[in-house]
Every structure is written in C-alpha cells, then in structure tokens.
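Since the structure comes first, as structure tokens, the remarks are kept for the end.
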Amino acid sequence: MLWIISLLTVVAILVWRYLWQQEKEVQNVITQKKQIEILLTASEQLIRLWKDGDITGRWGRGLVDCQKELGDFKSSDESFLKCNPNFLQCYFSHYEYFYPASQAPISVFYKKGHSPHLVFAKRNKKSGLFYSIITRDLANDVDTPHYAVGVTLFLKETKNKMTLLLEDNCHEILLPERKYTMGPVDFENSKSAQLLWDNVGRKIFVDKNLVSNRDISEWITIGPSSFVEETTILRSKLTDWGDNLAAPASGLTRKQMAAYCQFRGKQLLEAHIFDAATFLPGEVATAKTVFRSPSPWDKRWSDSLFAQADENYTENNCPKAYTRECLTIAPYKNFATTSTSWSGIYFPVGGVLESLRNPKSSTQNLKASSFYFDVKAIWHQLGYRAYWDGEGFDDRNFTWEFLPEEFLPPESRVETQRNEDFQVGFRCMRMGINEK
Amino acid sequence: MKNNWKFGPVFLSCLLILSACLSKKRYEGLALFESQSYLALLSTYRTQEVSSGYINSAEEINRPVNSWQAIMRFDLSNSSDKSICLFYKIPYIKADKKMEGIILFSKQKKSTACKKGHDDGEEIVRLEGIHSLKIFLNPANDFMAKEKKQIKKNNLYFMIYYKNIKSRRNRVLTKSWMEFPLLNIKNINRIGVTYLPNLSLENLGENKKTQNLPQGERNDSYINRTILKCSLNSDADDSCDKCRFGWYDAIGDAGRIGFCGESHCGERGWPACPRTGIVPVDGKLICVDGSDLGICQDDLHVYCDENLILSCH
C-alpha cells in the first residue's frame, strides 16, 4: 500500500511542477509584453524629441551647454534641432539640465500612482555616442532606410531593449502634384509650352534646408567605403567647423555635392524643381493656372520688397531676403524659417549661392540670389540663374553674364578682386514611390 | 478496504489541486495568446489579406463553417524570409452541436504566401474555444459606433466571443477585445520610424537568415549601359524602393520607368527628364523621336533610343 501512496505523491509533485513551470513561462511572456509596452511609451517620448527638438527652449536660451554638439545657439534657429542626432546626443548627455526634476532621460509612468520605470538610451562605449548612423549601403540591406539614426532604449530594471531607426523627414517637403513651369519670367519664349511640365502621379520630395556643416561633418566622420574618395579629400580640406555646425555647407565641388545627396539616397536638386517649389502658383488650391512669379511672395515684381526697397533697407527685411545690405545690419540665422516659399522650402532667395543641376540649360546652374548682391539686383528675381563650373570658388569659376547688358547694371554684378571664396550651398531631392 | 479510506483525503486534495490548476490555465490561455501574438506581430511592416471579405466586416466571420481559412499574412522587419500567417477555424455553434473555432498564428516561408494551409510551418500560438471573431485593421471609420470602440491606425483588433472561460475570480467572460500594434506598417504619411524590439544596435541584422541586397552601385551609368532598371510598383521584387542610392524616373515605350542611381536626365546620352507623370499607355506611341514628353537640354533633341527610352542627343 505504501508504494501506491509514494507513487501518487510523486505523480502529484510532477503534475504540480509541470503546471508551475507552465505558469512561469506564461508569466514570462506576459511580463515581456508589459516591458515592450513600457519601451513603446518611452519611444513616443524619444520620437517627440526627434521630431520637435528642444520643446523646453532651454538650448535656445543658452541654459544648456551643448556647444560641442550643436555649435553656437545664437546663430541658429531652433528648427536646427529637429531630426538632429547631435541634439539627441546633447539631450542624453545633459538631461539633468533639460528636466532637472527627472531621474532619467525618459521616465515612464506605466500605472498612475506607481513609481516610474526608468528607460535609458544606450551609449556606445567606443564612440561615446547615444546613437549610430545607419545607412542602407552600410547595412547592405534593402529593408534598412537610406539614412537613419539608430537609438537603443533599454529598461533599467531588466535590460529589456528596443532599437528605433529614426528617419529625417523633418526637413523635406512633398511637392504638390500639379502643373508647373520653369525658367525666368522675361525669357523670350515665356509662353512656350516647352516650359510647362507636371508631376502628377510623381512623388518628389525636396529638402527644406540647405545641407549643413553638421551633415557633411557626419558624412566625413563615417567615411562610408562607397564614398571614400570624396570623404578623404574633404577630410583633409574641411576639419574645423567651430561654432558653425548649422551653417550651410560650402566648399564642396558639384561632384561632392551629388555624392553627398547619393549617400542620403537622394539627388542634387534640379533647377525646374527648385522653380516649381518657389514660383508662387496662380491658384494653389485648384492648380488651374500656372504662374512664374518674380518673387516667392508676390505676383508682380513692383509689389515685391526688392522693388520697393529704398536706401533704408532695414534689418526687418533681412529674415526674409538676406541680401548684401544685411551683412552689416543683421546676423545670418542658420535654419531660419522666416524666408519660406509657398511650398515650404527655406531661403528661396538671399543667403548663400545655391548649386542646382539644370536639365534644360547647363549654363544656368546657380541660384545667384544671395548676400553677394544688393537688394536691387536682378538676380533676386526667381528663375534667373548664373553659371558655376562646379570646381572652384573664386571669380574664375563663375559666369554672371548670361543676361543681356541692360539686365546687368552695376548692382547686379559682383565685385571683382574679391579676397574670399564664394560660398556655394546645395540641397537634395528624392523621388518617392506610390505605396499601394 | 479500511486502509483505502485513509488515503481518500490524499486523492481528493490531488484532484482539487489539479482542477484548480486546469481552470486557471484556461484563463491564462487567453492572456498567453494575447501576449504572444502581440510580441510576434510587433515588427510587421506589411500586411496582406489572404482571403477577402473577412477584415473590417461588420459581421463576424461565419462561413464556411468548420473549415480552416487563411485570413492574413504579416511580413516582419526582422525576418526577411518568413511571414506570419493568421488562420481561423470557423466555428459551428448550434444548440445540439458545438464545434468551437480556433485562432492560429504560424510562421511560414514568405514565398508560400500563407497558402499552404494551417498545418504547414511553425506554430506560434493558438487559441481554442472561439464562438465568434471579428477582425479590424484600418477600417473606414476610426470609431466603430456599433462596437463603441475607438480604433487606432495600423493596429490590428480582434473582437472575440469566448464563452465559458473561468477567470481566477470565477467570472464568465463573454467578450474580449485584443489590440496588436503593427509598428512598421509603411504608408505615405508614415512617421519614418522603424521599431526593432529586443534588438540593440550592435546586433542589428543578426537574426536575418538571408539578406535582401539593395540594387545598383554608385558608378552605374546609363551611358555606359551599367544602369539597373527598377519598377515603380512598391511590391515588385525590383521596386525602385530597393535601390541602394536612390533612383529617378524616365519615360519608355511602356510608360514611366525607374533607374537606380544618380540622375543625369536631360544630358547628352542620358534619358530625358519626364515632362509629365501621366503617360498615355492606350496604344498611343510614346517612344518617338521629337516627343514632347521628355525634357532635354536646349541644344539637344528628344529621341527614342535602342532601349526604347526617351533620351537626349
């Protein structure tokens, strides 16, 4: 009889043990789900930081010292911080200055009234960075974005983790699908159908901002093998960015510009697409009429601030059109959002020169409107372009005389015998596919 | 006989422990199913309806009764060769006869597209005892008035009637909503974030058995005939979305076409830039010399080249 009791006891223990183990596995899965939910809540905060930048305004007021990561806060608009990995680095390195009361970069309250779960961004021991740049080319994987900033969040209690690949879509616009036109207003064949085109059914994304020194510095630091030629040359040439990380990148040849755009899965901006994004359309809503406006904000040149400017061109005009007069009266604000075209791209006029690829006329590949010209210069009219050979940056590399003599009064000519190189910036564009 | 009675309490207590454990197990089956499905579907970047008419229907899935149906397929960011398939055995519930339904998730080869049946592949989790099921994913209305439920975009919802489940407090649950976020679903308004649960930056790509290599190289050139054509269809194997360094479009005899790499459109020997996105395809000749569908530099002409692409010379 005793053996029956023993057998039953063993069976009972085995059954109990089996059920207990099953229960443990169930609890593990349930706990794992809960931890993923906590990480997802934390990731919402990370995405907000990525998309909105410094919502507390602490960097903009100079309360956080992130000069190393972001340069001088006075010369840049806060939009520079959006979709900017350097800002994430600044935030995670100095979080106690951003939110002095919090204990961690991201604290998640999973249940009301309970103590927070602490979520941290993982720091790479080698680079010291809280993020890594991930590119499709480097990952050699089609599912990886062309360019993304990878951040790994982990839960302090369990080290459970989640990686987020954050793409930069803060700084581009989708060009509305409609009819457009190209070229300057006063060309002889201005009414020719040859100048009309449309992007119906085509998704064209255009960078809002010019490529910055920060972007190029990052590219050079990574030095991807596919671009080793370009990055090696640039590394030997451009090393000291100082406080000017947010400033438009200049000093790159056209080939290097195109290579940088390729690195980001993009193309150098084309002239007719720049026109489409800057000519004020006749009717934005109905897209019935196509219009080549001389200024980004006025249908008639005579109404524009350029035509109406008198000798007292004040600093109030500079945020909109940073012309030669502004150099002495107002600081140039990088990433400023005050000079905006109808489609949302910044600095359609003024600022630095801008290199474009012109598929229609290869000799007109430079947006000449810049702080090299007085406000009265014809170059500030949209569609008027000069020529840059894409190689060097002194007088010999530029040609300004494509316009008839009457269009080139003294204020439309550049000063000769310049000591400094011209600053030529650029921006990129990309095609998007129609998702099904 | 007397001795046997002595062990009666032992038997009874064993039975009690067993029954308590088993009744609890059934309730936990629901929680386990929900958690495991949640974790499995998290990194979904694309879904596909395998059988039409089941998703976002106001009616529960009820035909054909007592049969297995492949409902949906889920493609995951962290697995390039396998997909998750959702199968459902449709219940047949009558007063005299009860054949309850089963929800089943299994991992199958992507190439089979969930069409090989529920018993193929590797089972992830199943839930039995289903009396009815409705499935919602991005329905037309975010608020399901009839169900009094707010629906989030790109989240998959199950509304399950799962009768006679005894909880720890011995309650009878009659209806259960389950919500599964599909974090990496792509659409045109996507926020540009890829979520990789349980992965750190150091081991990205480690769990990918086969990699899909991006298409094209930097020096590919139309002039040197090293260019790679790509499709403007996002689902195609040679989709332009898969180019290594971006892409551009041109016009060929069959309409718009893409090429991987750096654009030189409009330049000598390169494709003409498209003047329009709406290319006539109804038998009208597109690729003809002098076509106004392409843009070339001022000193060049549009012509139809040997690849039947509008080019410039």
Side-chain angles (χ1 to χ4, degrees), chain A residues 1 5 8 12 15-16 19 22-23 26 29-30 32-33 36 40 43 47 122 124 132 134 136-137 139-143 145-146 148 150 152 160-169 177 193 197-202 226 258 262 265-267 270 272 359-362 430-431 433-436, chain B residues 3 7 10-11 14 17-18 21 25 28 31-32 35-36 38-39 42 77 80 181 186-188 191-201 204-205 208 211-214 218 232 234-235 239-242 244-249 262-263 265-267 273-278 292 295 297-298:
Chain A
M1 192 54 66
I5 299 168
L8 275 173
V15 169
W16 181 83
L19 291 173
Q22 258 201 344
E23 160 86 6
V26 169
V29 175
I30 292 168
Q32 210 184 335
K33 183 196 168 204
I36 290 285
L40 276 179
S43 71
I47 292 166
K122 200 171 175 201
N124 184 309
S132 292
I134 310 288
R136 176 174 296 182
D137 180 38
N140 203 19
D141 178 28
V142 81
D143 295 328
H146 283 292
T152 300
N160 210 330
K161 56 194 175 290
M162 175 183 280
T163 293
L164 281 92
L165 303 185
L166 306 161
E167 288 172 60
D168 175 3
N169 51 15
E177 291 180 32
W197 67 283
D198 72 70
N199 67 334
V200 179
R202 298 172 73 204
S226 304
Q262 267 199 307
K266 300 182 181 186
Q267 315 279 346
E270 290 168 2
H272 64 302
K360 188 95 177 84
S361 176
S362 58
R430 70 179 171 94
M431 297 295 298
I433 210 153
N434 289 311
E435 299 279 350
K436 281 204 165 177
Chain B
N3 280 344
F7 303 115
V10 179
F11 260 115
C14 281
I17 292 167
L18 267 175
C21 289
K25 190 175 169 261
E28 281 174 353
L32 179 68
S35 299
Q36 267 191 341
Y38 179 100
L39 295 171
L42 212 52
S77 295
S80 52
K186 284 185 186 175
N187 59 48
I188 204 70
I191 53 169
V193 180
T194 306
Y195 296 82
L196 301 167
N198 301 320
L199 276 182
S200 63
L201 282 165
L204 281 187
K208 283 200 167 185
Q211 278 193 316
N212 279 336
L213 299 179
R218 255 201 83 193
L232 304 184
S234 61
D235 287 335
S239 167
C240 294
D241 243 0
K242 297 179 178 173
R244 188 179 287 271
F245 298 112
W247 61 280
Y248 57 97
D249 58 347
E262 186 186 350
S263 173
C265 73
E267 295 175 20
C273 302
R275 187 183 295 283
T276 176
I278 315 162
D292 60 1
I295 300 171
Q297 291 193 345
D298 287 335

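Letters A, B, ... mirror the listed sequences (proteins, then strands); counts begin at 1.
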Open item on the list: Under the criterion side chain to side chain contact (heavy atoms under 4.5 Å, CB included), I'd like the reasoning laid out for A/Arg202 against B/Thr276: C-alpha separation, chi angles, the key distance, then a yes or no.
Closed with: CA-CA 9 Å; A/Arg202 298 172 73 204; B/Thr276 176; over 6 Å; no
Task: Chi angles and distances behind the side chain to side chain contact (heavy atoms under 4.5 Å, CB included) call for B/Tyr195, A/Leu40 - done: CA-CA 9 Å; B/Tyr195 296 82; A/Leu40 276 179; 3.8 Å; yes
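In this structure, the separation between CZ on A/Arg136 and NZ on B/Lys242 is 9.5 Å, given to the nearest 0.5 Å. Taking CG from B/Asp241 and CE from A/Met431, the interatomic distance works out to 11.5 Å, rounded to the nearest 0.5 Å. Atom CH2 of residue A/Trp197 and atom CD1 of residue B/Ile295 lie 7.5 Å apart, to the nearest 0.5 angstrom. One distance of note links OG of B/Ser77 with CG of A/Leu165; it measures 8.5 Å at 0.5 Å rounding. To the nearest 0.5 Å, atom OG of residue B/Ser234 and atom CD1 of residue A/Ile433 are 6.0 Å apart.
Annotation: side chain of B/Leu201 is in contact with side chain of A/Ile134 (closest heavy-atom distance under 4.5 Å). Residues A/Asp137 and B/Pro214 have side chains not in contact (no heavy-atom distance under 4.5 Å, counting atoms from C-beta outward). With contacts defined as side-chain heavy-atom distances shorter than 4.5 Å, the pair B/Leu39/A/Gln32 qualifies. Proximity of B/Leu213 to A/Asp141: side-chain heavy atoms (C-beta onward) are nowhere separated by under 4.5 Å.
No other option in A/Ser132, A/Ser362, A/Pro145 has as many heavy-atom pairs under 4.5 Å with chain B as A/Ser362. Contact tally against chain A (heavy-atom pairs below 4.5 Å) for B/Gly266, B/Pro181, B/Pro197: the top residue is B/Pro197.
For A/Lys161, the side chain to side chain contact (heavy atoms under 4.5 Å, CB included) test picks out A/Thr152, A/Phe154, B/Ser200, with sequence neighbours left out. Under the side chain to side chain contact (heavy atoms under 4.5 Å, CB included) criterion, A/Arg430 pairs with A/Glu172, A/Phe205, A/Lys266, not counting sequence neighbours.
Residues A/Gln267 and B/Trp247 share a closest heavy-atom pair of NE2-O, 3.4 Å.
Between B/Asp298 and A/Lys360 there is a salt bridge, since a side-chain N of the basic residue sits under 4.0 Å from a carboxylate O of the acidic one.
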